[in-house]
Amino acid sequence: MISLDAETRRGLLRDMVFVRRFEERCAQLYQQTKIRGFLHLYVGEEAIAVGVSRLLRPDDAAVGTYREHGHALLKGVSAEAVMAEMFGRVDGCSGGRGGSMHLFDAEHRFYGGNAIVGGGIPLAIGLALADQLAGRDRVTACFFGEGAMAEGEFHESMNLAALWDLPVLFCCENNRYAMGTALERSEAETDLALRASAYGMPAWPVDGMDVEAVSDTAARAIASIRAGGGPVFVEFRTYRFRAHSMYDPELYRDKAEVAEWKEHDPILTLFDRMVADGEIESDALTAIEEEVDTEIERAVAFADASAEEGVETMLRHLYAEEVGS
Amino acid sequence: MISLDAETRRGLLRDMVFVRRFEERCAQLYQQTKIRGFLHLYVGEEAIAVGVSRLLRPDDAAVGTYREHGHALLKGVSAEAVMAEMFGRVDGCSGGRGGSMHLFDAEHRFYGGNAIVGGGIPLAIGLALADQLAGRDRVTACFFGEGAMAEGEFHESMNLAALWDLPVLFCCENNRYAMGTALERSEAETDLALRASAYGMPAWPVDGMDVEAVSDTAARAIASIRAGGGPVFVEFRTYRFRAHSMYDPELYRDKAEVAEWKEHDPILTLFDRMVADGEIESDALTAIEEEVDTEIERAVAFADASAEEGVETMLRHLYAEEVGS
Amino acid sequence: MRKSAAEPVTMTGREAMRAAMTEAMHADDRVFLMGEDVGRYGGCFAVSMGMLEEFGPERVRDTPLSESAFVGAGIGAALGGMRPIVEIMTVNFSLLALDQIMNTAATLRHMSGGQFGVPLVIRMTTGGGRQLAAQHSHSLDGWYAHIPGLKIVAPGTIDDFRWMLTPALADPDPVIIFENGGLYGASGEVSPTDPGLPLDRAVVRREGRDLTLVTFGGTLATCLDAAGALSERGIEAEVVDLRSLRPLDDETIIGSVVRTHRAVVVDEGWRSVGLSGEVAARIMEQAFYELDAPVGRVCTAEIPLPAAHQLELAALPSVDRIVDAAVAAMD
Amino acid sequence: MRKSAAEPVTMTGREAMRAAMTEAMHADDRVFLMGEDVGRYGGCFAVSMGMLEEFGPERVRDTPLSESAFVGAGIGAALGGMRPIVEIMTVNFSLLALDQIMNTAATLRHMSGGQFGVPLVIRMTTGGGRQLAAQHSHSLDGWYAHIPGLKIVAPGTIDDFRWMLTPALADPDPVIIFENGGLYGASGEVSPTDPGLPLDRAVVRREGRDLTLVTFGGTLATCLDAAGALSERGIEAEVVDLRSLRPLDDETIIGSVVRTHRAVVVDEGWRSVGLSGEVAARIMEQAFYELDAPVGRVCTAEIPLPAAHQLELAALPSVDRIVDAAVAAMD
Ligand SMILES: Cc1ncc(C[n+]2csc(CCOP(=O)(O)OP(=O)(O)O)c2C)c(N)n1
Ligand SMILES: Cc1ncc(C[n+]2csc(CCOP(=O)(O)OP(=O)(O)O)c2C)c(N)n1
Ligand SMILES: [Mg+2]
Ligand SMILES: [Mg+2]
């Protein structure tokens, strides 16, 4: 594994801290009822979106789930636009109609934000098919949880991608639970990379708590896909530090297990390594946190100041304004 | 492989000839418009249904597809009832409402007869689950084509069966085409047993043109399932000698390939072996054919004599006659 | 939750459905509950909380995310002699299982000439109003009522949350119970013993001579509120709670309209090709010459429900919109 | 099939749709056809016969049996700048793809605040009458029209088989074309050049003063025959061909009923919660005081269609049933 230079590491660290603080702020705002509906936090899993996204080009596409705040931010959607969307305001990246589970951004080719488990996977197949037909060397990164692998849509899509050699990076975020259902109770074969390889595509597992390992794997995978090598599946082994959503009593796992995984916090893992390598001061984290916090507060202020859509335009965008293309 | 005694072989031979002649008669009757709708013939694949069914107990269940005439006959449904169903008459095994694609028989636990590719597989899962919950040692044999393996319902069902150790025998009839789509164009991984084994269940391929190999495999699989060993997947390698249905110009495969496979006709394969082993006269086939033909003609006469359901009872059986169970 | 043999008890919709399932599983060991997170998680809306501990993982069975397969497995288990209750977390995900529901569960008895019945109960949460946006807020209850071979019911009272499961499980055919998410937390009186109301019977929840409000499920309470507001304006609205969407209880609907001569159908589903049009058409077919005004319809705006609170509220049926429609129907 | 610049040509529905797709693929290389057996097999109903040879396997793309994934892939390809035509062999199998159709294709533009459109055309065969039994004979055309965000059309003439695809492909939103299987083999006159009829416009196929028959797709011919039979009895029926089921062309429907004062809706779909109720309800809402009789409905019997010929025939709308309904509406 080629270790990254201090500058790059610092960038990765900052990105992870940003996503972490952004979502912790969202949790507060949820308690204050500024954010409503379902809110699924990515806390603990940040290394995956951070490590993969830095290797995507602006013209590459990303497809996420309902746990996609980090993916949207890292694909280039502004914190203001994401926060305003959480608030359901007109300046949100989906105009306030999507909310937390449906972040979209055409300019940055972020295709959501999908609240149907597995529902985004066929979409990624189609985006990649369009690139292949047009002879473009773009890659589509498709993020989903391990629970989605039980869905028929996952299976059908994996087969299509491998059969047609489509430029898709399948990023399985295996946090070991689908809501309250542990992997062993949802998959007969818990070696997910093995399962994926049965579709005849390269597949391997990687430590999803180590952003450098993630980034190293993503680099190799994306290079191969872009070169026309067809789809790749990566199982990122990770863990969800917080509840599934804001309504989850977490009866299905014990505190000890959570505590054990928190030992592997992706932020501290990288930070400690940087300190050990003398690339950063041991008290530098607070400075980074303060820096990102000001940016996050700007986003919160922006969202708060953003207007609510008037009900008179509610029906708009059900269909295109003028027909004919 | 334990080779079977002459008596058993004779039985298998007769059963294969019966199914073959029965369906060839159906094809004639289709030309005479006695049989309408879709008609999917099993000609060339008889060894599978024959080899598997002889090892099923009367209280075991079978689930088939729209190419299920052989499976129904071998599960014990009478030729009369099957033929009358093809004719759409009241004495048909589905009262004439199902037709060729929907043969049913509660008494013999034949659960159809499903015209949705892959649609019968979840049903088999549920039948097996009921047996498991009730502590019965029954087995459910689920037949489907290789094309069905691309469907999400196949994937979800395989995972459930393996996850819950359900007593299901998955019989994949790999005749290398799904209508006009060759296996290589529908599956990224064409080693189907390998694909199935990724669900963590025993899976292996077998020559589906050799009824003794089929029966040997089925014996081992069923014994293991009945003993509580969980589901087994078998890929039966076979070939469809005739068109997909009565409307198929067969543009997708060349005559040479068909001719080549006809060299491996399961009936002749067993017959020649029996002749070589001195178990049967080299001219005995015609006698068997004549014998089964009289039985088939009885079925045709029965079907022809059977009444058509009056339109006044058309709405019957949409719901149970009297509610409360 | 107070308990007593004699007088009614007060409980939430969630508690009522849990009590119903618990009772059914004690009474008949062919009954089991299967679905996503019904066990260890306690149900995504905490409906089955505690049932895993009471009945064990065989009978309170967590499934993988495989809607089509576990619904199909429920059908197969029903064919195999069990009485499964299959929970689909929400109607939004049931689209993934619609092939099994329409092509198998609904057709099997008729196409097998009466040989195979599917005594299966499917429960799913339905409805919007919780800012869950486009993919989590569908109300397809009425749309499902298009399918012959199914029975579709939608409890609108806590008493029905408690007692509709009994006849549903006793029914030899597939029954889908649509549970409006808003009612899980709502409290109401529940009769301590089975009132024995047939599954397919509509009920007049409030009597009134001037017009009939026909509704069900989540909008029943809204209609009762609207009826209160209307009565302050001197308009006495009768409120018919359909309870069963397939079959529809024409007798009760028409009986009311024949008395009031005016009707408004209130449905949280979308208007076009939905339940509201069917009820309106039946009223016209069976009581045309009794009608003093066209039947009105109040439905959810025909858009995917937006996350933004104010938009979602404006899109859903409200007391104001019902009152306006009722007033319009009066002149 | 005769060709000529000036006069109309006669062809079958199958040939007409093939000509439409072929023309579209020559005109716009973003257009491609994807579905089960559209290539080497030539299409399960021979609609795309020969197109693989003309355009190659990339643009006439055979898919595995994976309805949900290849419909979703069509949505994604549309988002990616293509103009896919996705063929689902028959509506019966489309239930497997309904999640992608309703939760993604239909919602994307609205829930993304107008950022993402899905210029996708989905074609599927619909209808019964060929003794294919319960799982191969659904007519869900009208039922699909419940879904906001989709446009639903159903050609009833060979000319529409030839020319409806053009505006469908030009439309920036998802359009589903329901092709009644019975019309593939039927012959009809086709205008040699694009008549330029809007996608959402209904058309009066026969004028008449006494009553309006509202229909579409496979039952259009049946209604025209019925109109002929009625005229022999001195009843002049006007026949409205909806063409578009979503949106519905209220103006044309109501315009006709305002002239005739009586209407019968004929739909091969099931009656309850189907298109017939919607059309009846709209007529009542918009022309109540013009109606001399309740709007009649002739639909398919509410059962899974049986294989037995005589039963299927009796279950489907027929000239006799339409005539009876029309006569009933006259007095
Ligand atoms: C088709 C479908 N079924 C069920 C749900 C409800 N649900 C939302 S998230 C979730 C768990 C998904 O787990 P996983 O795929 O592992 O992703 P994670 O939440 O762990 O990131 C479930 C069951 C849904 N949204 N869609
Ligand atoms: C869900 C679904 N999609 C498409 C069809 C149309 N169809 C009927 S049979 C068939 C081919 C199935 O091939 P395979 O599973 O290999 O079985 P075989 O016919 O070869 O025995 C297809 C595509 C269908 N009946 N159901
Ligand atoms: Mg997970
Ligand atoms: Mg095959």
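Lettering of chains follows the sequences in order, A, B, ..., and the numbering in each one begins at 1.
The backbone N or O of A:M314 sits less than 3.5 Å from a side-chain atom of D:H110, completing a donor-acceptor pair. Between the side chain of D:Q115 and the backbone N or O of A:C93, at least one donor-acceptor pair lies under 3.5 Å.
For the pair A:E151 and D:D99, the minimum side-chain heavy-atom distance is 4.5 Å or more. Between A:L129 and D:M34, some side-chain heavy-atom pair lies under the 4.5 Å cut-off.
When each of D:P84, D:A106, D:G113, D:G81 is scored by its heavy-atom pairs under 4.5 Å with chain A, the top score falls to D:G113. Per-residue counts of heavy-atom pairs under 4.5 Å with chain D were compared for A:G152, A:G92, A:A61, A:S94; the largest is that of A:S94. Put simply, of D:G117, D:P148, D:P174, D:A78, the one with the most heavy-atom pairs under 4.5 Å next to chain A is D:P148. Contacts with chain A were tallied for D:T63, D:L65, D:L150; D:L150 has the most, counting heavy-atom pairs under 4.5 Å.
When all heavy atoms of A:A130 and D:A77 are compared, the closest pair comes out as CB-O, 3.9 Å. For the pair A:E156 and D:E67, the tightest heavy-atom approach, listed with the atom from each and the gap, is OE1-N, 3.9 Å. When all heavy atoms of D:D173 and A:A320 are compared, the closest pair comes out as OD2-N, 2.7 Å. The minimum heavy-atom distance between D:R109 and A:Y319, with the atom names listed, is CD-C, 3.5 Å. Here the closest non-hydrogen pair linking A:W164 and D:P64 is CZ2-CD, 4.3 Å.
With rounding to the nearest 0.5 angstrom, the NE2 atom of A:H155 is 6.5 Å from the OG atom of D:S66. A:E153 CD to D:L96 CG: the interatomic distance, rounded to the nearest 0.5 Å, is 10.5 Å. The CG atom of A:L103 lies 11.0 Å from the CE atom of D:M111; values are rounded to the nearest 0.5 Å.
Only the side chain of D:R61 has a heavy atom closer than 4.5 Å to any heavy atom of chain A. Residue D:T107: no heavy atom, backbone or side chain, is found under 4.5 Å from chain A. If you measure heavy-atom distances from D:S112 to chain A, the contacts under 4.5 Å come from both the backbone and the side chain. For D:L108, the part sitting under 4.5 Å from any heavy atom of chain A is the side chain, from C-beta outward, and nothing else. Contact of A:L163 with chain D is made through the side chain alone, with heavy-atom distances under 4.5 Å. Looking at A:R316, the atoms closer than 4.5 Å to chain D (heavy atoms on both sides) all sit in the backbone: N, CA, C or O.
Contacts from residues 112-127 of chain A to chain D, taken as heavy-atom pairs separated by less than 4.5 Å, involve A:N114, A:I116, A:G119, A:P122, A:L123, A:I125, A:G126, A:L127 in sequence order.
Judged purely by distance below 3.5 Å, without hydrogens or angles, the side chains of D:E58 and A:Q132 never pair a donor atom with an acceptor atom.
Within 6.0 Å of CD on D:E251 lie no more than 12 heavy atoms contributed by other residues, nucleotides or ligands.
Ring-plane geometry between D:F116 and A:F104 is classed as perpendicular, the angle between the planes exceeding 60 degrees on a 0 to 90 degree scale with a lower cut at 30.
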